[in-house]
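Notes to accompany the following structure.
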Amino acid sequence: MSEAAVELRGIHKRYGDVVAVETIDMAVQSGEFLTFLGPSGCGKTTTLRMIAGLESPSAGDILIKGRRVNDVPIHKRNLGIVFQNYALFPHRSVYDNVAFGLRYRKCSKDEIRTRVREALRLVQLEAMEERYPAALSGGQQQRVALARAIVINPDLLLLDEPLSALDANLREDMRLELKRIQRETAITTLFITHDQSEALAMSDRIAVMSNGRVEQLDTPQVVYNRPTSRFCANFLGNANVMGGRVVGGEPGAWRVDAGGREWLSASTDTWRQGESVAVIVRAEHFQLDVSSVDGEVGNALQARIETVDYLGMSARYIIRPEQGETLELIHGVHHQPLQAGTWVRVWMPADDVILLPPGDVTALAPNDAARLSPEDATRLPPEDAAVGKGAS
Amino acid sequence: MNDGLGWRLIRLSTIAVYLFMFLPIVAVVVLSFNPQQFGGFPMEGVSLRWYRELAENQAIRSALSTSLWLGLQTAIISSVIGVLASLALMRFHFRGKQWISTLLVSPILIPEVVLGVALLLFLRWLSVPRSYALLLLGHVLITLPFVVLVVQARLAGLRRDYEEAARSLGANPVQTFFTVTLPLIMPAVLAGMVFAFTISFDDITATLFWKSAGTETVPTQIFAMLRNSISPEINALGSLMIVITISLPLIAGALARRFARG
Ligand SMILES: Nc1ncnc2c1ncn2[C@@H]1O[C@H](COP(=O)(O)OP(=O)(O)O)[C@@H](O)[C@H]1O
Ligand SMILES: [Mg+2]
């Protein structure tokens, strides 16, 4: 195991009375693509700016390659930063923009030329050397900004929502492109986004942030399938979160009462009988079978579809089981979604019934709206969920 | 049809106001080409006689050169101080920032006569005699607010991330200023310099208080000449001033646009 590329030790940042970052302890491995994911205002930018040296932490230490850098000014940290609005120098050509950092690095003219060309080739903009930023499209500006940041061979690449200014199609292309470039250069990368599909698609690990803290730090599959907090469950994908009570059982096979029915959970944690828990079942984890069967086996239930929300490649259904509260379910659609009023048999593997401490309900409330927004669901085809399950 | 009359009245009054403002200026320029000593309209020919006399008048030539030098030096000193002050005010936090900011632009708000007397009394109290340096200092004082206001506005609109990007790429603060900040605020700096020059070039009130006995600027020279007689030379000199003060901002504007395009 190599030493951490970046380490944050008890980082805290306040602006007057406003706490931007509560406390963060984490380490980023060398060569890793790590994403900070969280809603707007949770402290992602502030965290990145502290690592960059654009803000100084109110408390805590920042280590880059094992060296404490709290007092090292930004121009001596050797970092590549891609800003949300690219911040290309408007008075300099593409070539001069990319060459900018090399001029402060004791490079010969020839070396500068070679490296700039190479960087521009990497981002596929060889032909644009002479242009000025104003004459480039958003996607091209983005690539120049990226070339400018990586040409200096930074110890760390920092990107603050670099794709959010692009339109949807371009954003997905750049997502792949960025990932390819990162893999080719193997530069340790810290990426910020509030878009869960971006985070899931690109990251080696995701740090889910909320209210100035890291809620969970793990691979995309684990963060998605095994959320460790109600916040994470709600922020990624669509989840049914129910207050419940442990009825009985043992680690690996718990019975809990939630939402007016009994659920079987394969949670390996230890719970006391009668203990309050939050029961989380992902809308995408339901298996759906139109043919009806008699009786219920484990987490199988008969339900009637109440509302249908057609999303293109999938549909979001609100279903009403024979007993208990309504549930949300997302399922892939081939041509036609199921009609409201149809009776279906749905099944939820005990593996996918997550039990968490009841936790703070307040953290949950503001994100209910986000969780119900249809475009979030479109970004999550059910295949993703299936892949996740295979891995877990 | 109904508001036709209203519109016509508005158009008429607008034209009248413009005539009122510009006719005297036009008259000065036209009369400067009048060959007679006590000429009025109608003119009896066109000549450059008064311009020739102007060119031969030693007092006017030295006044013109004093004004040009004074304006140029004022513009340069004001813009250097103005840029530094604006940077400090816009990019750093320190105690008493609001006060300094107000203080810097206050010369705009104080009547020039008061400013003129105040600076003079202050220097008398320090027993410093009137000199060219004092005049220059005074002109910097009255032009500085304009530079600061223009440059500050530009800096406020300049996103921080250009400078942050430059620094992240390895430029230290001074290098960042010269390679990124200054080129990007150059149009405003040029505009500020032009303001400073024209204000200094046109100023008479404060200049009368501050200039030393032998020194004359173009406005004080015209003023002195008017006290003796109304020579048509003054028309020529006036026309010259009009040309300088109008063409300079136009040239600077064109330059700034060129700069901005890069
Ligand atoms: N310069 C600042 N002054 C005061 N408050 C700030 C400043 N920068 C950020 N904040 C506050 O800190 C919190 C976190 O902000 P930020 O890190 O920008 O969040 P994110 O990037 O996750 O949207 C927000 O509540 C924001 O209002
Ligand atoms: Mg942000």
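Just so it is clear: chains get the letters A, B, ... in the order the sequence lines come, proteins before strands, and each one is counted from 1.
- Counting heavy atoms from C-beta on, the side chains of A:F89 and B:P183 never come closer than 4.5 Å.
- In this structure, A:Y15 places its OH atom where more than 12 heavy-atom neighbours from other residues, nucleotides or ligands lie under 6.0 Å away.
- Distance check, rounded to the nearest 0.5 Å: CZ of B:R167 to CD1 of A:I81 gives 10.5 Å.
- Within a 6.0 Å radius of CZ in B:R91, other residues, nucleotides and ligands contribute more than 12 heavy atoms.
- By the neighbour-count criterion of 12 heavy atoms within 6.0 Å, atom CZ of B:F94 is densely surrounded, having more than that number from other residues, nucleotides or ligands.
- At least one donor-acceptor pair closer than 3.5 Å links the side chain of A:H91 to the backbone N or O of B:T179.
- If you measure heavy-atom distances from A:N85 to chain B, the contacts under 4.5 Å come from both the backbone and the side chain.
- No more than 12 heavy atoms of other residues, nucleotides or ligands sit less than 6.0 Å from atom NZ of A:K76.
- A:R148 and B:A165 make their closest contact through NH2-CB, 3.5 Å (heavy atoms, listed as atom of the first residue, atom of the second, distance).
- Pairing each heavy atom of A:H75 with each of B:P173, the nearest pair is CE1-CD, 3.9 Å.
- When the candidates A:G101, A:P154, A:A145, A:A134 are compared by the number of heavy-atom contacts under 4.5 Å with chain B, A:G101 comes out ahead.
- Looking at heavy atoms from C-beta onward, B:S168 lies out of side-chain contact with A:R77 at the 4.5 angstrom threshold.
- For A:L88, the part lying near chain B is the backbone, with the side chain staying farther off; criterion is any non-hydrogen pair under 4.5 Å.
- In this structure, A:K65 places its NZ atom where only 12 or fewer heavy-atom neighbours from other residues, nucleotides or ligands lie under 6.0 Å away.
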**Request:** Begin with the C-alpha distance, continue with both residues' side-chain angles, and end with the deciding distance and a verdict on side-chain contact (heavy atoms from CB on, under 4.5 Å) for A:R49 and B:E164.
**Result:** CA-CA 10 Å; A:R49 288 176 65 84; B:E164 291 175 351; 2.8 Å; yes
**Message:** side-chain contact (heavy atoms from CB on, under 4.5 Å) for A:Y104 and B:L169? Distances and angles first, verdict last.
**Reply:** CA-CA 8 Å; A:Y104 300 101; B:L169 290 165; 5.6 Å; no
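- Atom CD of B:Q98 sits in a sparse spot, with 12 or fewer heavy atoms from other residues, nucleotides or ligands closer than 6.0 Å.
- Annotation for B:Y162 and A:P90: closest pair CE2-CD, 3.7 Å, computed over non-hydrogen atoms.
- Residue B:R61 qualifies as open at atom CZ: its count of foreign heavy atoms under 6.0 Å is 12 or below.
- Only the backbone of A:L79 comes within contact range of chain B, with heavy atoms under 4.5 Å apart.
- Using a 4.5 Å cut-off between heavy atoms, A:R103 does not touch chain B at all.
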